[in-house]
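Just below is one structure, and these are the notes that go with it.
Numbered from 1 within each chain, the chains take letters A, B, ... in sequence-line order.
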Amino acid sequence: MQSVLAKLNKVSGVRGCMIVNKDGIVAASDFGVDVDENSIGAVASSILAALEAAIKRIQVGRLKKFMVTGNENKLAIVDAGPALLLVLLQREANMGILNVEIQEAAAAVVEKAKM
Amino acid sequence: MALFDFFKNWRSTSKIKGLEAQLQGRPTPQVYLELAEAYEEADNPQRAAQILKLGVARFPSSPEIGRRKAEVEKVERESEKRRLKEKIQTHPNPILYARLAELYKADSEIDQCIQICQAGIKAFPRYGGTYLVLGQIYIEKQKWEEAQQNLEKSVELDKYNYMALKLLAQVYMQLGRPADSARRLEDILYFAPGDEAILELLRKARETAGEVAATADTQDFKENQRGKGVPTPATSNSRTKIVGRLADQQARSTAGARDRVLNDGIQNLRQVAGVTGALLVDQYGLVVAADLDSTLDEGLAGALITNVYRTSSDNSIQLGVGTFEEGMIEGEMGNIHIVQFGDMILAVFAKHDVKMGLLEKAIRDFASQVAQSQNS
């Protein structure tokens, strides 16, 4: 898992990333900035759980990703099978390239979780 | 003089840049204070207030940041009160009354708050937001009967209003009606499933009501009821189906111009290839303009979007992104873009292949239309 995060962290615009289980417990993390990883993991997993239940009623199908943009950074919360991949990004990051990298990392997390 | 201004601006910008960089590294309460002061000196009080809010969220035990934030917010509120009073005179609409009343409430000017609410209700009796503010005031004054009447009216006009339903449930508890309280909380779970605060209140209400502790999932139960054609609690008590929209007949007669601007803007968004719908919700969770697929209940969609927005914005600091600006839900069948415009929330439903550049431009155009309509 750590290698998946290390690879993702090399992509321009990524400030750090982590993998949490669906209960929000941190499984692996790699941040180059000062953040409260446990807090991010817990809050992100509870937001996603609420979202998953809510969007069933507005016809967008199964939740794949939730991206939150603030005035400082962006956070991508990505469904990765039994886990969630959380990626903290620079606010102005180019999402065209990053979306591909993030999806590949999420797929790698799913594969590794099967092992 | 021009040279002096140039150097003054250059110094101010450099100072702000340096302090912003410090915030990204190792923030301290002092950095937030200095940065807020720098923005004030640069004649940007809105950003100063924003910085102080962030500072309070990061360092809640710092008394100095809390004090400065309260001072700045008080100045902002006074200025906003003046603006809203002028707008009510020239371009009245129900949201203005509710917002003005809230500002008086924030300053503990209760009599003025009640007066504004009553004037708002007289002018626009079918807008739920004003009844909600009045209900909140009566809760603060512990006048439970009056609070109940106003909150029931607010829920009658907008059956998906999270705050009105939650407060009404709490008022019913105060009035010794826990079973009614539980029903209102169940209504909330329909559009805010898994909301932990509501589940906890529901557990207490059921305990008080002496009902058998429900081990069955409330939502599954409600889904089964729907599948059998049994009306949801919101309709089983003959509650009105009216959704609290500005498009309401009476509101339309006086707030028609603004409503048209918003509806036109929403329809323009739908012209973007790949956009399948859009809706605009006010700060009370009421849909003020919408153009959605006919299979979607716009009141319910508005409530769901408000809930997503509230959850995300309340937690954006803990998520490490700063103050919430926008969110994007990506599902298997499409995306929902959620953008904050001042005190309103815009949600745009789109297919995966929507051209993001075009969509962003359309959203920007819409934002400027909303801003113009608010300032006109």
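Ranked by non-hydrogen atom pairs under 4.5 Å with chain B, the options A/N71, A/L88, A/I40, A/D79 are led by A/N71. Per-residue heavy-atom pair counts under 4.5 Å with chain B were compared for A/I77, A/L89, A/L86, A/N73, and the maximum is reached by A/N73. For the set B/I329, B/L23, B/L319, the entry with the most heavy-atom pairs within less than 4.5 Å of chain A is B/L319.
Nearest approach of A/Q2 to A/A28, heavy atoms of both residues: OE1-CB, 3.7 Å.
Within a 6.0 Å radius of NZ in A/K64, other residues, nucleotides and ligands contribute more than 12 heavy atoms. More than 12 heavy atoms of other residues, nucleotides or ligands sit less than 6.0 Å from atom CD of B/E332.
For the pair B/N161 and B/M163, the minimum side-chain heavy-atom distance is below 4.5 Å.
Both the backbone and the side chain of A/L75 come within contact range of chain B, with heavy atoms under 4.5 Å apart. Proximity to chain B involves both the backbone and the side chain of A/A44, based on heavy atoms less than 4.5 angstrom apart. Of the two parts of B/L54, only the side chain, counted from C-beta on, holds a non-hydrogen atom closer than 4.5 Å to a non-hydrogen atom of chain A. In this structure, chain A has a heavy atom under 4.5 Å from the side chain of B/Q50, while its backbone stays farther away. In this structure, chain A has a heavy atom under 4.5 Å from the side chain of B/L304, while its backbone stays farther away. Only the side chain of B/R47 comes within contact range of chain A, with at least one heavy atom under 4.5 Å from a heavy atom of that chain. Within the 4.5 angstrom heavy-atom criterion, atoms from both the backbone and the side chain of A/L63 approach chain B. Contact annotation for B/T276: neither backbone nor side-chain heavy atoms come within less than 4.5 Å of a heavy atom of chain A. Contacts of A/K74 with chain B are made by backbone atoms alone, with heavy-atom separations under 4.5 Å and no side-chain atom involved. If you measure heavy-atom distances from B/I338 to chain A, you find no contacts under 4.5 Å at all.
A salt bridge does not link A/E72 to A/R15: none of the charged nitrogens lies less than 4.0 Å from a carboxylate oxygen. Salt-bridge annotation for B/E200 and B/R203: present, with a side-chain N of the basic residue lying under 4.0 Å from a carboxylate O of the acidic one.
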Q: Start with the C-alpha distance between A/K10 and A/D30, add both sets of side-chain angles, then the distance that settles salt bridge (Lys or Arg N to Asp or Glu O under 4.0 Å), and finish with yes or no.
A: CA-CA 11 Å; A/K10 286 179 187 157; A/D30 190 350; over 6 Å; no
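Screening B/D187, B/T306, B/D297 for a side chain to side chain donor-acceptor pair (under 3.5 Å) with B/Y160, the sole residue that qualifies is B/D297.
Rounded to the nearest 0.5 Å, atoms OG (B/S312) and CG (B/N307) are 9.0 Å apart.
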